[in-house]
Amino acid sequence: MHIEISKTSAESIKKLIDSIPEFYPTPIEEIEKRIADKEVKLFVAKEALEIAGFIIAYQNSFEIYYNWLSGVLPKFRGRAIATKLFEAYEDYAAILGYKTCQVKSMNKFKGMLQLLISRN
């Protein structure tokens, strides 16, 4: 598995949101409004050149690097891809000097909750 980190666009984010069945369809205008004044980074995990999972992150404050959205495509789940993505996200945040990584999730996403607990 290979992880890439790059800038991203609202169109790319929309495609990723649409690829995860647990996410609700999000209008492009809502995404554009959310990222308008931010330098958004896209962390992508690829397996055999196919996107397996992602994290979309940006600076929330001088100390907090915020994971706005993350997911692993259903056919790639159970392979520790989310763990590897979180490791890359946390390492990148530390390199940039952030003191905290922040993620919010809903109680209905059991897999995400377990991952977040395991990552403290």
Side-chain angles (χ1 to χ4, degrees):
M1 182 189 51
H2 174 71
I3 295 180
E4 298 174 6
I5 303 170
S6 62
K7 288 186 176 183
T8 192
S9 65
E11 294 82 17
S12 295
I13 292 170
K14 173 110 177 90
K15 287 178 188 174
L16 292 168
I17 288 172
D18 292 346
S19 68
I20 302 291
E22 292 86 356
F23 294 158
Y24 63 91
T26 306
I28 192 79
E29 297 81 14
E30 185 178 325
I31 296 167
E32 288 170 341
K33 184 178 176 183
R34 177 75 180 240
I35 67 171
D37 60 344
K38 298 168 180 64
E39 185 172 327
V40 180
K41 292 290 183 182
L42 174 63
F43 298 74
V44 175
K46 290 186 176 181
E47 248 185 40
L49 302 177
E50 200 175 349
I51 293 177
F54 63 89
I55 291 177
I56 301 166
Y58 54 80
Q59 177 181 355
N60 199 25
S61 72
F62 289 113
E63 294 186 356
I64 299 173
Y65 200 53
Y66 183 63
N67 174 341
W68 170 41
L69 202 57
S70 52
V72 174
L73 280 73
K75 78 179 202 176
F76 294 101
R77 293 179 184 170
R79 301 183 195 178
I81 290 169
T83 298
K84 291 180 175 109
L85 277 165
F86 269 77
E87 288 169 354
Y89 157 72
E90 291 165 353
D91 290 347
Y92 186 78
I95 289 167
L96 295 178
Y98 292 99
K99 296 183 189 301
T100 304
C101 289
Q102 184 181 50
V103 182
K104 296 178 183 176
S105 185
M106 294 182 223
N107 285 336
K108 66 182 181 179
F109 300 126
K110 183 181 175 186
M112 178 59 83
L113 291 173
Q114 290 172 329
L115 175 66
L116 294 175
I117 290 167
S118 75
R119 310 265 341 136
N120 286 324

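Using a 4.5 Å cut-off on side-chain heavy atoms (C-beta onward), Tyr58 and Thr8 make no contact. Taking 4.5 Å as the limit, every side-chain heavy atom of Ile20 sits out of range of all side-chain heavy atoms of Leu69. Within the 4.5 Å cutoff, no side-chain heavy atoms of Glu90 are placed close to those of Tyr65. Inter-residue side-chain proximity for Glu50 and Phe76 is flagged as met; some heavy-atom pair is nearer than 4.5 Å. Taking 4.5 Å as the limit, every side-chain heavy atom of Met1 sits out of range of all side-chain heavy atoms of Lys46. The closest side-chain heavy-atom distance from Phe86 to Ser70 is below 4.5 Å. Contact check for Lys7 versus Glu39: side-chain heavy atoms found under the 4.5 Å cut-off.
Here the CD1 atom belonging to Ile13 is positioned 11.5 Å from the CD atom belonging to Glu30, to the nearest 0.5 angstrom. Atom CZ of Phe54 is separated from atom OH of Tyr89 by 14.0 Å, given to the nearest 0.5 angstrom. Atom CD of Glu11 and atom CD1 of Ile31 lie 9.0 Å apart (nearest 0.5 Å). The distance from atom CD1 of Ile5 to atom CD1 of Ile95, rounded to the nearest 0.5 Å, is 7.5 Å. Put simply, CD1 on Ile35 and OG on Ser9 are 7.0 Å apart, with the number rounded to the nearest 0.5 Å.
Pairing each heavy atom of Ala45 with each of Ile81, the nearest pair is CB-CG2, 3.7 Å. In terms of heavy atoms, Arg34 sits closest to Tyr66 at NH2-CE2, 3.5 Å. Scanning all heavy atoms of the two residues, the minimum distance from Leu73 to Ile51 falls at CD2-O, 3.8 Å. Scanning all heavy atoms of the two residues, the minimum distance from Cys101 to Ala93 falls at SG-CB, 3.6 Å.
Ionic pairing of Lys84 and Glu47 is not present here: no N-O contact between side-chain nitrogen and carboxylate oxygen is shorter than 4.0 angstrom.
Put simply, Ile56 and Phe23 are part of the same group of oily side chains (I, L, V, M, F, W, Y) that touch within less than 4.5 Å, one to the next. Hydrophobic clustering (side-chain heavy atoms under 4.5 Å, transitive across Ile, Leu, Val, Met, Phe, Trp, Tyr) groups Ile3 together with Leu96.
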task: Apply side-chain contact (heavy atoms from CB on, under 4.5 Å) to the pair Phe43 and Asn67, showing each step before the final yes or no.
output: CA-CA 10 Å; Phe43 298 74; Asn67 174 341; over 6 Å; no
field: Criterion side-chain contact (heavy atoms from CB on, under 4.5 Å) on Trp68 and Val40, from CA distance to verdict
entry: CA-CA 10 Å; Trp68 170 41; Val40 180; 5.5 Å; no
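Remark: side-chain polar atoms of Lys14 are paired, donor with acceptor, to backbone N or O of Thr26 under 3.5 angstrom.
Residue-environment remark: NZ (Lys33) stays at or below the threshold of 12 foreign heavy atoms within 6.0 Å.
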